[in-house]
Amino acid sequence: MSALLEVSGVSVTFDGFRAINNLSFNIGIGELRAVIGPNGAGKTTFMDIVTGKTRPDTGTVTFGERSVSLLSLSEAQIARAGVGRKFQRPTVFEDQSVTENLLMALKANRSPWRVLFWKPKVEDMARVQALAAQVGLADQLARKSGELSHGQKQWLEIGMLLAQEPRLLLVDEPAAGMTLAEREQTTAMLVDLAKTRAVVVVEHDMEFVRRLNCKVTVLHEGSVLAEGSLDHVTANPQVIDVYLGRG
Amino acid sequence: MMPKTYLAQNRSVLIFIACLALFTLAITLMSEAYGAPLISTSFVKTLGKTLCLCLVALAMDLIWGYAGILSLGHMAFFALGGYMAGMWLMYARTEEIVVQALAQSPLPATAEEITQGIATQIFGVVGSSDFPLIWSFAHSFPLQMAMAVLVPGLLALVFGWLAFRSRVTGVYLSILTQAMTLALSLYLFQNDSGLRGNNGLSGLQNIPGLGDVGQDKLSIWFFWASALALGLGYIALSFVVSGKFGSVIRAIRDDEQRVRFLGYSVEGYKLFLFTLTAIIAALAGVLYYPQAGIINPAELAPIASIYLAVWVAIGGRGRLYGAVIGAAFVSLLSSWFTGGRAPSIPLGFYTVNWVDWWLVLLGGAFVAVTLFAPKGFGGLFDRFSGRRSPDRKGAALGPDDGSLMEKEAEA
Ligand SMILES: Nc1ncnc2c1ncn2[C@@H]1O[C@H](COP(=O)(O)OP(=O)(O)OP(=O)(O)O)[C@@H](O)[C@H]1O
Ligand SMILES: [Mg+2]
């Protein structure tokens, strides 16, 4: 499997504190990967680096077949290159309807002039309908997204990511704060998503990770501690020591 | 279901245009020039100027109410537009006078003599008799009108590029825009700024080529032009804030980081809006100053741009008609109070003189609106339209400084 995302030798220091320490790993095209690790392991910071929010002190991050360096691109350019991100807390535009949120995310030219004169075509509205149905919000289209439940907001955000049609999806703790039923639906959604694109899921919940049934990377103090199947990494004594044993 | 498009919002646009047309007709029929002389020419001018202020308020609402960028410098662009228009007005008008004077001399005047004569007339007050470089296009109406758009537009583009590229937001951006308008005003106060220092440009009410037309007629013509500009501005901006573009800028107001991760260049959008609104402000200034008759550097004082924000806040941020109502109401009230027409209130031990106390009243009203009626005048309309605020237990609609407050939002 050739790599879609290659992170190598990346380090980040915040005020002398090394949040990411010589981190290297690859994500293959169409791969589903779970990233676990204790609080403060650097999971969110890793996503910040890939999406351009945080600039690393050293290292390289390349993306796609032509190995484009992401470090010289802005957040918006990285997003347009095909990296989508879901935040730890659901972040949708609360003052706008589900439809408006999805339309904004829909893959299309992003320049101000083109957006100003853009009109939704019939197929765009059909796509919005389909996306909403896919994330279980088909009958909520006209509602302001601020009125949705926590779980529904998470799904709307996933729907927006789908609308962007990214090649790589970074998902930060999608199951946090969800009910059991919502978690199950979310797992199904993510597994489904990974059929057509690479997905990296950060999650604390072991049950959730088990259901994803994919390769697992354990982060600890900013670097990779272990990698492999869930059973493989949970059998690793170091992992048990820093993470599972304490949990 | 289709999202709210321009057509869906057309109803409020139509209502606005109808009200504006009726108002224009009524004033015309009451004017000295075209109807029963019920209102004075100077009041027609006040109303015409007010319409121009409403147009800047629209621009302010777009950038602050919709995009959350609290610019406190937009009156600088307004005044710059006025200066650019004023340059042509003053040049062409002085040219007429000089040509007439020289016609009396036995030899026909050369082009150089005429130019020299104009320069001496205009710059005598600042002890100069040469045209500074910035007056290069003042002889030509189309060129100088192009300058009226280009100069404020380019200033906004450069300033905005520097500020937004470094991701200056919130209070820091507001302070930066205040600094910009202050610096510009101080520069113009200098005699060698090329724009006559603190004298400013005057006699702008005399329109070149229309010397025979009385001010009573001219005032109505400018009133019509101002009403037309406001109407077109309203239609254009209601198009801008509808549809996906409107969605994106409201999203930037509430959570700009999230918008970046959707692939939109937030800086590009801000720059676009900043420049667009600067140009609208400049055009409003072009129409305003011939009605005011005079422009000087005090017009760029930082307080002017703060008033602009106050008008929009009192009218109700994030709805275009709110900005228009706020600007019209507050600026008309202000000219009533400060014009000495408001009766003083004798309290026995102290007499409340409105010329002095108006600002205190305005400041108090601003605080009261912010605290108790954040929807401003817009809130009054909600009673008829049935629009409600969401129940979010006080949470704003996004994490950013400029994001919509709970009470401003629609459920
Ligand atoms: N902007 C920042 N400034 C200073 N320190 C930071 C910053 N961002 C992250 N850190 C620190 O870096 C470390 C890694 O944080 P990060 O958010 O990546 O952890 P995480 O693995 O996502 O944890 P959690 O499971 O709690 O979400 C933490 O100790 C955090 O305090
Ligand atoms: Mg985290």
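Here is how names work: the chains are called A, B, and so on, in the same order as the sequence lines, proteins then strands, and each is numbered from 1. Note that this is a predicted model, so its numbers are computed, not measured.
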* Are Arg114(A) and Phe117(A) in a cation-pi setup, meaning NZ or CZ lies under 6.0 angstrom from the ring centre and within 45 degrees of the ring axis? -> no

* Arg250(B) charged N/C atom sitting above Tyr66(B) aromatic ring, 6.0 Å / 45° -> no

* Asked: Of all of Glu147(A), Gln164(A), Met160(A), which one pairs up most often with chain B through heavy atoms under 4.5 Å apart?
  -> Gln164(A)

* Could you pull out all residues at least two apart from Phe272(B) that satisfy ring pair (Phe, Tyr, Trp, His ring centres under 6.0 Å)? => Trp113(A), Phe245(B)

* Structure fact -> With sequence neighbours left out, the residues meeting side chain to side chain donor-acceptor pair (under 3.5 Å) with Thr370(B) are none

Considering only heavy atoms, which portion of [X] lies under 4.5 Å from any heavy atom of chain A: side chain, backbone, both, or neither?
| X | answer |
| --- | --- |
| Leu262(B) | both |
| Glu267(B) | neither |
| Val259(B) | both |
| Asp255(B) | both |

* Can you check whether Tyr321(B) and Phe16(B) have ring centres sitting under 6.0 Å from each other? -> no

* Part of Ser74(A) within contact of chain B (heavy atom distance under 4.5 Å) -> neither

